[in-house]
Protein chains: 2
Amino acid sequence: MTRRQERPLVKITDVARHADVSPSTVSYVLSGKRSISAATRQRVERSIRELGYRPHAGARALASSRSNVLALVMPLRSGIHMPVQMRFAASVVTTARTHDHDVLLLTQEEGVDGLRRVADSALVDALIVMDVQLDDERAPLLRSFALPSVLIGFPAEAAGLTCLDLDFTATGEVCVSHLAQLGHRCVALLGSPPEVYARGTGFARRTAAGFTAAARRFGMVSTVRACEPGGEAARETVDALLREHPDLTGVVVHNESALPPLMEAFQRCGMRVPEDLSVVAVCPDELAESAAIPLTSVAIPAAEVGARAVGLLMAKLAGRKVPEATWLAPRLTERASTVPRPVP
Amino acid sequence: MTRRQERPLVKITDVARHADVSPSTVSYVLSGKRSISAATRQRVERSIRELGYRPHAGARALASSRSNVLALVMPLRSGIHMPVQMRFAASVVTTARTHDHDVLLLTQEEGVDGLRRVADSALVDALIVMDVQLDDERAPLLRSFALPSVLIGFPAEAAGLTCLDLDFTATGEVCVSHLAQLGHRCVALLGSPPEVYARGTGFARRTAAGFTAAARRFGMVSTVRACEPGGEAARETVDALLREHPDLTGVVVHNESALPPLMEAFQRCGMRVPEDLSVVAVCPDELAESAAIPLTSVAIPAAEVGARAVGLLMAKLAGRKVPEATWLAPRLTERASTVPRPVP
DNA sequence: TTGAAAGCGCTAACAT
DNA sequence: ATGTTAGCGCTTTCAA
């Protein structure tokens with residue numbers, strides 16, 4: 001058995017004694033909440049370093065009623081593209097660390113009770129809630145909490161909440177607008193799996209709404225359909241789509257998992273991309289870039305969303321006012337998958 | 001502005017007064033650390049419910065030196081298949097909740113400092129460390145910690161540590177053995193991206209070692225190569241492979257991200273699966289099942305690994321002895337992608 | 001079976 | 001610019 005380095009726990013009084021100051025001075029050096037002479041600060045910092053002092057998180061939380069921990073509530077359910085979630089989580093953790101906070105991971109499953117639990121026990125100072133539904137039952141709860149929170153996505157009734165998301169309505173519009181400029185007249189949106197629409201996920205519906213509205217404005221023929229993942233489903237979807245719309249020349253795909261099988265299915269049906277069919281994806285840039293045919297796309301800015309969510313929370317914790325709604329503007333990048341409409 | 005439900009924080013003394021007992025009795029009802037008469041227990045439980053009491057996490061941590069939080073250190077780097085990580089994380093969180101613990105998410109990037117930080121500050125009671133390298137610098141640190149930890153994966157020197165993983169050596173063997181029984185004589189392993197081997201990731205090397213050893217035992221011709229993700233890379237890999245081994249009839253793919261492009265590349269080279277080429281995958285069952293051709297596979301048991309990791313930690317926290325090494329036995333499921341070797 | 005009371009290590013109000 | 005000290009809310013000895 002290796003010997004355990006059972007460090008006897010250095011406390012603030014040890015540091016104080018070592019630096020020949022009072023405990024409060026050490027505390028203030030650490031928090032910066034009052035001015036300290038340069039000489040004292042240096043002595044204290046030196047003692048902290050030499051003794052390897054680390055404040056006890058629990059004691060600190062008890063005395064200050066701040067845990068310096070954020071809760072991140074993540075979905076781990078089907079129909080959601082995991083890599084996007086992970087990028088988001090990574091960005092939240094990294095940004096939180098930048099503000100001296102840690103991140104507690106909660107699953108969607110714990111639902112309303114989970115939120116109440118971490119809030120009431122003062123385990124966390126603030127909450128980030130992902131995958132918000134239009135009729136999300138957590139929305140009213142969060143509104144009633146004293147704890148600051150940020151929702152990723154917008155419930156139907158968002159007043160009194162701080163919400164943040166890519167502007168999916170504008171995203172749908174931007175995609176259509178791009179295709180319209182290239183001369184396309186008949187377009188389709190291939191979206192999330194049916195269950196995502198069914199459970200009232202705002203982003204899926206908003207993309208569809210933006211897409212349809214813009215297509216109408218441009219006088220285009222347009223159609224929207226949900227899209228299961230998997231090769232089988234992709235082929236069926238594409239078959240049906242081409243049967244009903246033989247003169248289709250442009251599609252928008254808003255479904256990361258279905259993207260590769262859809263691309264394959266198009267080829268099989270004799271629709272070459274981009275010669276016969278222009279494709280715009282809504283997906284992370286990395287995915288669009290590394291596709292067999294690099295895809296024109298609107299990026300899902302997971303890292304930016306994560307960073308901004310934490311930023312909003314920090315502002316709220318500092319007592320600053322923040323805007324209730326933040327819609328991130330879509331950014332379309334042209335790549336190889338979209339070209340002017342082939343002459344008929 | 002909505003009125004905040006600024007609940008005035010119910011504390012243990014409030015419950016005690018309400019139930020007409022002492023605070024310690026309430027504490028003991030909650031912890032079960034001493035016997036309480038049925039009558040008292042019921043009164044206390046009722047008061048807890050009526051007042052909506054939730055112990056203050058920080059106060060509890062301070063008084064008991066237990067935070068009831070586990071740290072989960074996750075990789076968020078390239079060459080790792082995100083969905084597997086997420087399943088694992090989900091399983092850790094869910095299992096931890098089962099034992100009344102929460103999970104703090106740390107990124108690999110924080111490295112050794114991150115571990116020291118959460119350990120020294122008593123933020124967490126125990127650690128789960130994923131994506132362990134053969135020469136992982138965190139291994140000696142964890143060995144020296146008083147905090148219990150479990151590593152997912154094995155460093156080169158694992159003595160004195162609690163490690164847990166799928167038995168990848170056996171996995172490589174099982175795959176080869178299955179192909180051997182079907183009469184295949186020339187086989188290849190398509191593995192992780194080169195950088196994964198380069199940084200000394202044990203599981204990639206172990207699969208290769210098991211694969212090669214078993215192939216030798218069966219007197220088969222075998223080859224191993226790293227495999228970048230992406231369609232381009234897949235095609236090149238397959239081209240080169242078939243050029244060098246024209247009589248190849250079986251492959252093992254241990255790389256989730258490369259799986260779809262590889263399957264496509266095989267088709268393009270005129271190798272139909274399974275008629276011309278038998279394929280065994282090492283990947284989550286969901287992925288193997290939902291492929292265009294359902295794949296014979298060895299499952300990556302992410303959920304089981306997560307649950308067992310937490311179980312081991314709970315045992316250690318309870319002062320029980322646990323085995324240092326836990327190798328989960330591989331389980332191969334036959335599906336449509338493997339058949340007897342075509343008669344030459 | 002239950003209660004009283006001494007801390008756990010830190011912060012922040014109050015002093016100086 | 002710094003020190004003193006009273007808690008923060010809970011667990012756990014020690015007593016009864």
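Basis for what follows: all heavy atoms, side chains included, without hydrogens, waters or symmetry-related copies. Here the structure is a predicted model, which means the values were calculated and not measured. Labels below follow one simple rule: chain letters A, B, ... track the order of the sequence lines, proteins then strands, and each chain is numbered from 1.
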Practice task
Give the C-alpha distance, both sets of side-chain angles, the deciding distance and a yes or no for side chain to side chain contact (heavy atoms under 4.5 Å, CB included) between L151(B) and T162(B).
Solution key: CA-CA 6 Å; L151(B) 316 212; T162(B) 305; over 6 Å; no
Practice task
Evaluate side chain to side chain contact (heavy atoms under 4.5 Å, CB included) for L115(B) paired with L142(B), printing each intermediate quantity in order.
Solution key: CA-CA 8 Å; L115(B) 298 185; L142(B) 293 173; 4.0 Å; yes
Practice task
Check the distance between dC10(D)'s P and L123(A)'s CG and give it to me in whole angstrom.
Solution key: 13 Å
Exercise for the section: Figure out the NE2/C1' separation between H56(A) and dC8(D), and round it to whole Å. Expected result: 14 Å
Exercise for the section: Take atom CD1 of I48(B) and atom P of dC10(D), then tell me their distance rounded to the nearest Å. Expected result: 11 Å
Problem - Integer-rounded Å distance: dC8(D) C1' and L9(B) CG - result: 10 Å
Exercise for the section: Establish, with yes or no, whether the OP1 or OP2 oxygen of dT12(D) is under 4.0 angstrom from a side-chain nitrogen or oxygen of K33(B). Expected result: yes
Exercise for the section: Would you grab the first and last nucleotide of DNA chain C (5' to 3') that comes under 4.0 Å of any non-hydrogen atom in chain B? Expected result: dT1(C) to dG9(C)
Handout entry: Flag side-chain contact, heavy atom, 4.5 Å: M130(A) against Q85(A)
Key = yes
Exercise for the section: For a side-chain contact (heavy atoms from CB on, under 4.5 Å) with V44(A), tell me which candidate from V26(A), D20(A), L30(A), I36(A) qualifies. Expected result: V26(A)
Between the protein and nucleotides 1-5 of chain D, which nitrogen or oxygen pairs come in under 3.5 angstrom?
residue: dA1(D); atom: OP2; partner: S35(A); partner atom: OG; Å: 2.4
residue: dT2(D); atom: OP1; partner: S37(A); partner atom: OG; Å: 2.9
residue: dT2(D); atom: OP1; partner: T40(A); partner atom: OG1; Å: 2.4
residue: dT2(D); atom: OP2; partner: S37(A); partner atom: N; Å: 2.7
residue: dT2(D); atom: OP2; partner: S37(A); partner atom: OG; Å: 3.3
residue: dT2(D); atom: O4; partner: R34(A); partner atom: NH1; Å: 2.9
residue: dG3(D); atom: OP2; partner: S22(A); partner atom: N; Å: 2.8
residue: dG3(D); atom: OP2; partner: S22(A); partner atom: OG; Å: 3.3
residue: dG3(D); atom: OP2; partner: T25(A); partner atom: OG1; Å: 2.7
residue: dG3(D); atom: N7; partner: S24(A); partner atom: OG; Å: 3.4
residue: dG3(D); atom: N7; partner: R34(A); partner atom: NH2; Å: 2.9
residue: dG3(D); atom: O6; partner: R34(A); partner atom: NH1; Å: 2.7
residue: dG3(D); atom: O6; partner: R34(A); partner atom: NH2; Å: 3.4
residue: dT4(D); atom: O4; partner: S24(A); partner atom: OG; Å: 3.0

Problem - Stepwise salt bridge (charged side-chain N to carboxylate O under 4.0 Å, His left out) test for R199(A) and D135(A) - result: CA-CA 9 Å; R199(A) 67 172 179 251; D135(A) 63 343; over 6 Å; no
Handout entry: Minimum heavy-atom distance between K316(A) and P148(A), given as atom pair plus value
Key = CB-CB, 3.9 Å
Problem - Backbone of A19(B) reached by a side-chain donor or acceptor of R43(B) within 3.5 Å - result: yes
Exercise for the section: Rounded off to whole Å, could you give me the CG-to-P distance for the L62(A) and dA6(D) pair? Expected result: 17 Å
Exercise for the section: Taking all heavy atoms of N68(B) and all of D125(B), pick out the closest pair and write down the distance. Expected result: N-OD2, 2.7 Å
